[in-house]
Amino acid sequence: MRWQTLVLAALAAVAAAAPAAAATVRVTVTKLAFEPAQVSAKVGDTIEWVNADFLAHSATDRKKEWDLFIAPNKSVHVTVNKPGEIDYYCRFHPNMVGHISVTP
């Protein structure tokens, strides 16, 4: 019985030390806007843009790290790999802007 207790304690310690599962943060593109325009994420999370508009859009990082084309009724995604602030916009409609705050 003693070894079973030790095995269970070891398994519990491993489970507690496991990193949290990555999340998907969804941004809907509708009526020429990103909704919500500001989101928060953690390193390793995925940002998904779903285009509910009838026009094509982009999600373009102002620092030029990514430039995603979003066709009508389609979705695209990017995984955030480092903490920081990310400003992005639509290259077809520059008045469409968004912001992602990424924490460790």
Side-chain angles (χ1 to χ4, degrees):
M1 272 308 197
R2 173 106 172 107
W3 66 271
Q4 291 171 330
T5 303
L6 291 174
V7 169
L8 289 175
L11 289 173
V14 168
T24 298
V25 178
R26 179 171 288 167
V27 176
T28 302
V29 184
T30 184
K31 299 178 184 173
L32 295 172
F34 295 112
E35 293 292 334
Q38 296 188 13
V39 297
S40 297
K42 293 182 180 176
V43 170
D45 286 352
T46 297
I47 311 300
E48 177 185 40
W49 289 268
V50 179
N51 189 351
D53 243 340
F54 66 95
L55 298 170
H57 295 287
S58 80
T60 304
D61 177 19
R62 291 215 183 264
K63 294 178 183 173
K64 308 291 187 224
E65 292 188 24
W66 37 263
D67 182 11
L68 307 171
F69 177 79
I70 319 168
N73 300 307
K74 299 291 181 186
S75 64
V76 297
H77 63 273
V78 69
T79 300
V80 289
N81 296 315
K82 59 186 175 184
E85 304 298 316
I86 302 170
D87 290 310
Y88 68 93
Y89 66 102
C90 173
R91 25 184 186 94
F92 306 118
H93 312 99
N95 60 316
M96 291 176 59
V97 295
H99 182 82
I100 306 166
S101 294
V102 184
T103 58

Undergrad: Using distance only, find each side-chain donor-acceptor pair of residues 20-44 under 3.5 Å and give its atom names and separation, not counting sequence neighbours.
TA:
residue : atom : partner : partner atom : Å
R26     : NE   : E48     : OE1          : 3.1
R26     : NH2  : E48     : OE1          : 3.0

Undergrad: What pair of heavy atoms forms the shortest contact from Y89 to K64, and how long is it?
TA: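 Scanning both residues, the minimum pair turns out to be OH-NZ, 3.6 Å.
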
Undergrad: Do any pairs count as a salt bridge (Lys or Arg N to Asp or Glu O under 4.0 Å) and have a residue in residues 80-101, sequence neighbours left out, and if so which ones?
TA: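 Qualifying pairs, neighbours excluded: E65-K82, D67-R91.
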
Undergrad: If only atom types and distance count, is the side chain of D61 paired as donor or acceptor with the main-chain N or O of K63 below 3.5 Å?
TA: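 Yes; at least one donor-acceptor contact below 3.5 Å.
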
Undergrad: Compare every heavy atom of A56 with every heavy atom of F92, then report the nearest pair and how far apart it is.
TA: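 Closest approach of F92 to A56: CD1-O, 3.8 Å.
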
Undergrad: Atom CG of D45 and atom OG1 of T79: how far apart are they, to the nearest 0.5 Å?
TA: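 Those atoms lie 8.5 Å apart.
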
Undergrad: Are V97 and V76 connected, step by step, through hydrophobic side chains (Ile, Leu, Val, Met, Phe, Trp, Tyr) whose heavy atoms are closer than 4.5 Å?
TA: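 No.
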
Undergrad: Find out if a path of hydrophobic residues (ILVMFWY) with successive side-chain heavy-atom gaps under 4.5 Å connects M96 to F54.
TA: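 Shared cluster, yes.
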
Undergrad: Are more than 12 heavy atoms, taken from residues, nucleotides or ligands other than H77, located less than 6.0 Å from that residue's NE2 atom?
TA: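 No.
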
Undergrad: What closest approach, in Å, do S58 and I70 show between heavy atoms, and which atom pair accounts for it?
TA: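 Heavy atoms of S58 and I70 come nearest at C-CD1, 4.0 Å.
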
Undergrad: So W49 and W66, would you call those rings parallel, tilted or perpendicular, with 30° and 60° as cut-offs?
TA: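 The arrangement is tilted - the two ring planes meet at 30° to 60°.
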
